[in-house]
Amino acid sequence: HMTERTQWDHPKLVKAMTDIGMMDNICYTAYRSAMKLRHLQKVLRLDLIELSSLSNALHNCLPQTHMDDFIMDAHQLRKVVQEIYSLTRNRGHSGRVSTNECTDLLVNWILNVYDSQRTGYIFLKSFEVSIAALCSGRILQKYKYLFQAFCFDGGHMSKQGLEKMIRAFVQITDFLGETTNLGAGVSATVNSCLSTVFMSSVSQDEFVSWMMSEPQTLIWLPTLHRLSAAETVKHEAKCNICKCHPMVGFRYQCLKCLNFDICQTCFLTGRSTRHHRYTHPIQEYCLVASSRDEMKAFVRTVRNKVSKKHGRRLKQKYLAIEEDKQTDGRDHQSHHDNHFQTHLHLGQLSKQLEAVELDPVFQSKALNQGAASKQTDDSIREKSQAGVKDNLEELIDALEKENE
Ligand SMILES: [Zn+2]
Ligand SMILES: [Zn+2]
């Protein structure tokens with residue numbers, strides 16, 4: 001029989017969920033999930049929380065509870081969350097964080113995700129996954145933190161640890177109603193990681209490099225990072241579809257149509273024109289493109305136009321995971337085809353993200369709100385001019401070889 005469930009949600013969380021519902025017009029699962037979580041991240045002020053505040057709060061409130069299956073009651077959860085926000089306030093965010101309201105909201109959301117039946121208990125490690133995933137840290141730091149949090153086996157993460165972590169991730173997309181669209185469940189994802197090492201546990205390096213290959217179940221996480229990096233970026237380019245200028249957010253450039261730029265809204269809602277088709281290969285820019293980036297894209301566009309060899313066979317840029325049909329009868333393949341096609345066209349995204357987060361301009365912008373030093377600009381300009389020359393030579397070489 002149905003379980004009776006009375007559930008009260010904070011009005012601000014109800015509002016956030018309504019806002020999230022309006023994002024269903026975004027065509028691609030990875031972006032849609034990332035956009036929804038970006039909105040929640042801001043409402044819950046998780047974007048101001050540092051990884052160190054999470055680990056310090058756990059240390060302060062729950063010392064000696066680092067067993068892998070520790071279960072928190074609602075009181076302990078509240079205490080930890082409160083501590084996280086007061087540590088965040090102390091780190092210079094007192095104006096933007098109201099400890100009580102943020103605590104109410106985050107506890108509410110965590111219980112909706114991990115304790116929808118309201119038993120009053122959740123796994124500490126599940127909580128840790130959600131905060132680590134949605135806090136402000138760099139993606140590589142997050143992967144290392146997660147490994148350490150689930151590593152109970154002398155420097156290795158066991159299959160059981162991996163399973164618990166992936167389940168906690170999947171519960172986040174379950175909450176959004178996106179797990180089926182992402183196309184693979186917990187066990188298929190765990191097997192994908194372990195199949196890279198042919199063992200029943202992984203080392204930190206093995207785990208991090210698997211995460212960096214962007215397994216499809218978790219693809220929203222690197223997408224979320226690119227999204228937040230791109231959010232306030234203005235590109236001096238005009239959208240060839242809606243004519244907006246300058247573009248704010250992601251900028252997309254077609255690598256088949258010459259000089260064809262697409263803004264974030266047009267791209268994510270799948271708008272096309274008579275000449276440009278959504279099947280064309282696309283370059284995504286988080287940051288303002290350097291002249292080197294522009295030249296690279298130009299080179300690739302010319303290749304796609306001139307050469308029959310290029311731009312035909314599309315290489316997968318994320319790690320596809322095949323669902324085990326015997327344990328799970330649902331047909332994920334159709335979803336998979338519809339929602340992941342975009343990723344087939346985008347460049348090496350994890351490499352790009354790494355570059356974005358380590359980019360000195362981006363870092364100084366993040367620290368000083370946009371005051372990048374002139375010296376950095378100059379050194380980048382010099383490097384990019386050298387890059388343009390390399391690329392042209394590379395292009396001429398390639399075209400000569402093909403026409404021999
Ligand atoms: Zn547009
Ligand atoms: Zn095109």
Side-chain angles (χ1 to χ4, degrees), residues 19-36 38-39 220 223-318 337-349 352 356 388 391-392 394-395 398-399 402:
D19 296 342
I20 281 174
M22 317 250 271
M23 296 174 185
D24 281 334
N25 65 339
I26 297 168
C27 304
Y28 310 106
T29 307
Y31 289 96
R32 191 172 56 245
S33 309
M35 294 282 259
K36 290 178 175 181
R38 178 68 181 152
H39 187 69
W220 58 266
T223 310
L224 173 69
H225 276 248
R226 295 202 315 282
L227 183 67
S228 68
E231 210 163 50
T232 56
V233 174
K234 274 189 194 148
H235 307 269
E236 275 309 319
K238 185 172 160 184
C239 175
N240 285 65
I241 298 178
C242 74
K243 313 294 177 201
C244 72
H245 174 273
M247 290 181 199
V248 180
F250 284 125
R251 168 192 166 198
Y252 296 91
Q253 190 176 30
C254 182
L255 297 178
K256 188 93 181 170
C257 309
L258 210 54
N259 278 326
F260 197 91
D261 287 295
I262 309 160
C263 74
Q264 179 175 312
T265 310
C266 289
F267 178 76
L268 293 182
T269 53
R271 293 181 66 185
S272 55
T273 62
R274 207 152 51 88
H275 299 291
H276 172 73
R277 294 274 167 261
Y278 72 93
T279 48
H280 287 174
I282 290 279
Q283 167 82 44
E284 177 187 281
Y285 296 103
C286 294
L287 302 182
V288 172
S290 65
S291 49
R292 183 170 192 266
D293 297 332
E294 298 274 7
M295 183 50 75
K296 261 187 165 173
F298 174 71
V299 166
R300 289 177 64 191
T301 310
V302 171
R303 270 188 181 166
N304 290 336
K305 274 192 165 312
V306 173
S307 164
K308 288 194 163 49
K309 282 183 193 166
H310 286 280
R312 266 200 171 173
R313 212 163 56 88
L314 299 162
K315 229 174 93 193
Q316 282 185 340
K317 302 294 189 186
Y318 66 97
D337 288 348
N338 290 335
H339 295 282
F340 276 91
Q341 55 199 1
T342 316
H343 278 282
L344 302 177
H345 307 310
L346 298 176
Q348 264 290 313
L349 295 178
Q352 199 197 341
V356 166
V388 168
N391 265 305
L392 274 177
E394 198 187 300
L395 172 68
L399 290 176
E402 278 159 25

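Start at 1 and go down the list; that is how both ligands and their atoms are numbered.
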Taking the Zn ion (ligand 2) as the vertex, what is the angle from SG of C257 to ND1 of H280, given to 10 degrees? 100°
Rounded distance (nearest 0.5 Å) linking atom OG of S33 with atom CG of L227: 11.5 Å
Smallest heavy-atom separation, M247 atom then C263 atom, equals SD-CA, 3.8 Å
Report, rounded to 10°, the angle at the Zn ion (ligand 2) between the two atoms SG (C254) and ND1 (H276). 110°
Search all heavy atoms of A237 against all heavy atoms of H245 and return the closest pair with its distance. O-CD2, 3.5 Å
Angle at the Zn ion (ligand 1): provide the value between SG of C266 and SG of C242, rounding to 10 degrees. 110°
N/O/S atom of C244 inside 2.8 Å of the Zn ion (ligand 1), strictly under: no
To the nearest 0.5 Å, how far apart are CG in L287 and CG in D293? 8.5 Å
